[in-house]
Amino acid sequence: MVAIAPLDWMGLRDLAWGLALPGTVETDRPQGPCLTAHGQLWTWWDRQTDVPGFRILPVERPFLIAAEPEVFFVTPEIETRHQMFARPDRVSLGWVQGHLLLSWRALAPRSFVEMFPGEGPPVPSYSRF
């Protein structure tokens, strides 16, 4: 088994910035530092639990938590939102990078997605419907 270096905020931020996706901004909020994509929360570091948080599709979250409960989890504070935490010493950097691309596409205005038509999977929706 290959050891995974624990992810920290600087590593998460650098990985996200390295994707060079337009419309992303770094900011801070009471819960911790975060990156927004097109004005919406994209990824963040939660100060209370000291773990990275990710925007996630409602149908995808239970699957990921059931498949890898040692990696993915939620707390009561985010249970009703389209969000999920990952344990920084267990999450794959490949998963993080792929998920950041997917979630950026979900948050991007249609014009941005049309500018990058072959850059990823179909655009998901964070709507419950």
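Heads up: numbering here begins at 1 and tracks the sequence.
Rounded to the nearest 0.5 Å, atoms NE2 (H82) and OG (S103) are 13.0 Å apart. Residue L12 holds its CG atom at 6.5 Å from CG of L35, rounded to the nearest 0.5 Å. For the atom pair CG (L57) and CZ (R55), the distance works out to 9.5 Å, reported to the nearest 0.5 Å. The line from CD of Q31 to CD1 of I78 is 11.0 Å long, rounded to the nearest 0.5 Å. The distance from atom CG of D8 to atom CG of D50, rounded to the nearest 0.5 Å, is 9.0 Å. Here the CG atom belonging to L107 is positioned 11.0 Å from the OG1 atom belonging to T24, to the nearest 0.5 angstrom.
Evaluated for a ring pair (Phe, Tyr, Trp, His ring centres under 6.0 Å) with F54, the options F85, W42, F72, W95 yield exactly one hit, W95. Screening R13, R47, M10 for a side chain to side chain contact (heavy atoms under 4.5 Å, CB included) involving P33 leaves a single residue, R47.
Heavy-atom minimum distance, M84 versus I65: SD-CG1, 4.2 Å. The minimum heavy-atom distance linking V51 with A86 is given by the pair CB-O, 3.5 Å. Heavy-atom minimum distance, P69 versus A66: CD-O, 3.6 Å.
A 6.0 Å sphere centred on CD of Q48 holds no more than 12 heavy atoms belonging to other residues, nucleotides or ligands.
For the pair E77/D46, no side-chain contact is recorded, criterion being any heavy-atom separation below 4.5 Å from C-beta on. Side-chain contact between L41 and Q83 is present, with at least one heavy-atom pair separated by less than 4.5 Å. Put simply, the side chain of W104 reaches to within 4.5 Å of the side chain of H38, judged on heavy atoms. Annotation: side chain of T43 is not in contact with side chain of H99 (no heavy-atom distance under 4.5 Å). Side-chain contact check for L101 versus L21: some heavy-atom pair is nearer than 4.5 Å. For the pair L19/L15, no side-chain contact is recorded, criterion being any heavy-atom separation below 4.5 Å from C-beta on. Looking only at side-chain heavy atoms (C-beta outward), E68 and R90 stay at 4.5 Å or farther from each other.
A cation-pi contact, defined as under 6.0 Å to the ring centre and within 45° of the axis, links R87 to F73.
Follow the hydrophobic side-chain contacts under 4.5 Å out from V25 and you never reach W44; the two are in separate clusters.
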